[in-house]
Every structure is written in structure tokens, then in C-alpha cells.
Amino acid sequence: MLPRRHVPLLRAKLEALLRTYGAAFLGSDPLGMAHPYPHDEDREAAAFFAASLAFGNAAAIRGSLSRILGRLGERPAGRLRAFDFQRDAALFGGLYHRWAGPAALAALAHLTGAALREAGSLGALFLENYDPAAPDLTGALAAFRRRLLGLGKDLPKKGLGGIGYLLPDPEGPSACKRLHLFLRWMVRPADGLDLGLWKGPRPDQLLIPLDTHVARIGRLLGLTDRRTPGRKMAEEVTASLRLLDPADPVRYDFALSRMGILGHCPSRRDVRLCAGCPLQDSCRYWRRVPAGRKQAARESLPFAATP
Ligand code: SF4
């Protein structure tokens, strides 16, 4: 947990980071795949696919999504609403995102389509179990997942095996990054990055979508002392970020994850990159670098944040 005395400095540093990593960087994120659709229902459906498949290398994710969303056409919500696993599974023939092949993709399409038919939208399905008084959305998200999986009772076991990974249990030990990423996109206001499509759930109820980059950089910034990425770490990082912004703690997520995804704060530390890093004064690693090395690094490579 972040010591309160570190809050003012880190808040200033992260605000600067937000100004660096804005909408110009959407091209490096699966969220950028949902933005071009003009209709909200298509953005929601495309975003659900994009978040569910957001595992692995960022460039590979976008490549896979481009092919998968391409099969769903210009109006993915309508295509999914009409989707039936038994009849339409061939739609994804030959497509893979890492291990997720045609059967897993068709199962995801089947569940999404069934949800759209039953509730009208994914947001409406989520709201069935939303509690405004709850401190976070974990319970509602777990109920949403159960409702979705319940809509797949007629699916063959082969398809549902992959779905268990695509839709993990938010009440388990995993950070469930992809489900919380989808919530961030839906719940945070439309600010050029997130989509703000769902009305009701509040940004202060969101949990950080903890990936390896945010976990690592979160430790460097003192947002958590935990070593194992998981739900507990996500809760601790979020609690620390609430000290910076109680109403919208996860608004720093996109910028923090850019630092890792784009190699501007690589897991193999490079003091030359640190020399121009806007977070250096709040970073545990940089504080330990000897003054002579810092000076030499400052005189070498400039920090360049480019999309
Ligand atoms: S100072 Fe270096 S290690 Fe620390 S956050 Fe910046 S790039 Fe990462």
C-alpha cells in the first residue's frame, strides 16, 4: 500500500504520464479495435471480444482481433445476435488467437449472442446483479459471468473448455485482467480512450486490470509490496490509486500499461530509459541507482514516448 506521504508526488507524476500516453496510443491497444464502430451496440460487442482475447503479445492480439472481428462484419452485434454454435461455428474456421481456435471463438460468439438476445445488451445483463452500494464490481462481475456461462448449457463440452479461460472466475485468486479491462472500457466515461457505454456502475467501483506490466510498475512505484500478481495485488494497487483519485482510481491504467507494452519501462531495466522517465522520482529502482550512473544515463539516450 502506498504510504500517504508519497501521494502528492506520485499523483503529480502520474498526471504527467496521462498527458504523455493519451488517445494517440490507442493503436497499441485492443481497445482501439472497438472505437471505429459507429453504433454503441457494436462497440460493446467488439470490445467484449477484444478484452476476452487480450492475452499474449499486443501486436499479435490486434492481428488476431482484426481477422476475428472481420468475420463478424460491419455490425458485429447483429451478427452475434443471430449466431448459433451448431449452425455457424464454421464462421471462425481457420482462425486462432494463440490456443483459442474456432471452437472457443464460436463458443464465445454463441454466449455473447445469447446474452444480446436475452437481455438486449451485455450491459443490461451485467446490471441484473449490479449493487450500487457494493465497494467494487467483483460480485456483479462474477454473477455476469455465471449468467453468460448459463446461456451455454447446450454447448458441447469441447467449446466450453476454452471458455473457462476466456471468462475466468472474478471471485477466484486470479486478477482476471481481461474481464476488469472490459469493465474499465464500459464504465469509465468516454474520454477518448474508454467508451463509457454503461450507465450505473461507477468508476470508483472498478478494479485495476492487473497485467504483468502494471504489476511490475506498480511495485516500482510502491503501489503494492506483493510479489504474486493476482486478485489481492489488484485490490492493493487499486486501493493505493484511490489515495490519488478516489472517484476514478483506474484512470491511470492505460498510461501505466503503455510504459510496459511499448518497452519504455522494460522488465529488463535500462537505466538509459529511466533517465528520461517521467516517473523516476517516484520509482524505487531509480532511487537506488548511484548518482554517477544517473548522470551518465542522462547524458545518453533521451526518453521518447511515441505511439
Ligand atoms: S525510472 Fe525506470 S524502472 Fe522506474 S518506472 Fe521509470 S523506466 Fe521504469
Side-chain angles (χ1 to χ4, degrees), residues 1-29 31 54 56-59 61 175 177 180-181 184 193 207-230 232-245 248-307:
M1 186 81 174
L2 185 72
R4 284 186 179 272
R5 68 182 184 282
H6 291 172
V7 167
L9 177 63
L10 183 57
R11 183 188 289 122
K13 296 297 171 188
L14 288 181
E15 292 298 328
L17 199 71
L18 291 183
R19 292 191 288 276
T20 301
Y21 296 102
F25 288 80
L26 265 175
S28 63
D29 196 272
L31 173 57
N57 172 278
I61 293 168
K177 173 210 115 175
H180 287 288
L181 191 61
R184 196 201 90 202
L193 288 172
L207 204 62
I208 192 116
L210 189 85
D211 64 8
T212 56
H213 306 297
V214 174
R216 180 172 51 78
I217 297 169
R219 277 180 54 78
L220 287 168
L221 299 179
L223 299 173
T224 180
D225 289 321
R226 291 181 181 273
R227 295 195 170 274
T228 308
K232 294 281 184 204
M233 183 189 275
E235 289 171 350
E236 190 168 304
V237 169
T238 306
S240 291
L241 292 175
R242 276 202 189 99
L243 298 175
L244 309 183
D245 188 341
D248 193 2
V250 310
R251 71 192 181 98
Y252 303 108
D253 175 58
F254 182 84
L256 285 171
S257 60
R258 278 331 86 187
M259 291 279 289
I261 288 169
L262 298 172
H264 298 170
C265 176
S267 54
R268 190 185 181 91
R269 287 171 203 148
D270 182 341
V271 74
R272 293 169 303 173
L273 291 175
C274 298
C277 172
L279 300 178
Q280 60 181 218
D281 291 340
S282 292
C283 176
R284 288 167 164 170
Y285 170 69
W286 179 255
R287 283 200 293 264
R288 289 197 303 265
V289 174
R293 276 191 75 202
K294 285 180 178 170
Q295 185 56 33
R298 285 194 180 106
E299 290 166 3
S300 61
L301 285 180
F303 181 85
T306 51

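Whatever order the structure lists ligands and atoms in, that order sets their numbers, starting from 1.
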### Task
Output yes if Cys274 passes the N/O/S-under-2.8 Å test against atom 8 (Fe) of ligand 1; output no otherwise.
no
### Query
If you draw the axis of the six-membered ring of Tyr285, does the NZ or CZ of Arg269 fall within 45° of it and under 6.0 Å from the ring centre?
yes
### Query
Looking at Arg219 and Asp225, does any basic side-chain N land under 4.0 Å from a carboxylate oxygen?
no
### Task
Would you check, one step at a time, whether the test side chain to side chain donor-acceptor pair (under 3.5 Å) holds for Arg216 with Ser267?
CA-CA 8 Å; Arg216 180 172 51 78; Ser267 54; 4.9 Å; no
### Query
Does Leu273 have a heavy atom less than 4.0 Å from any atom of ligand 1?
no
### Query
Does some non-hydrogen atom of Arg284 fall short of 4.0 Å from ligand 1?
no
### Message
If we ignore hydrogens and angles and just use 3.5 Å, is the side chain of Thr238 paired with the main-chain N or O of Ile208 as donor and acceptor?
### Response
yes
### Query
Quick one: does Ser282's side chain have a donor or acceptor within less than 3.5 Å of a partner on Leu221's backbone?
no
May I ask you to list the atoms of ligand 1 that are less than 4.0 angstrom from any heavy atom of [X]?
X: Tyr285; value: 3 (S)
X: Cys265; value: 3 (S), 5 (S), 7 (S), 8 (Fe)
X: His264; value: 7 (S)

### Message
Taking 2.8 Å as the cut-off, does Cys283 contribute an N, O or S atom near atom 6 (Fe) of ligand 1, distance below it?
### Response
no
### Summary
Across all chains, not counting sequence neighbours, the side chain to side chain donor-acceptor pair (under 3.5 Å) partners of Asp211 are none
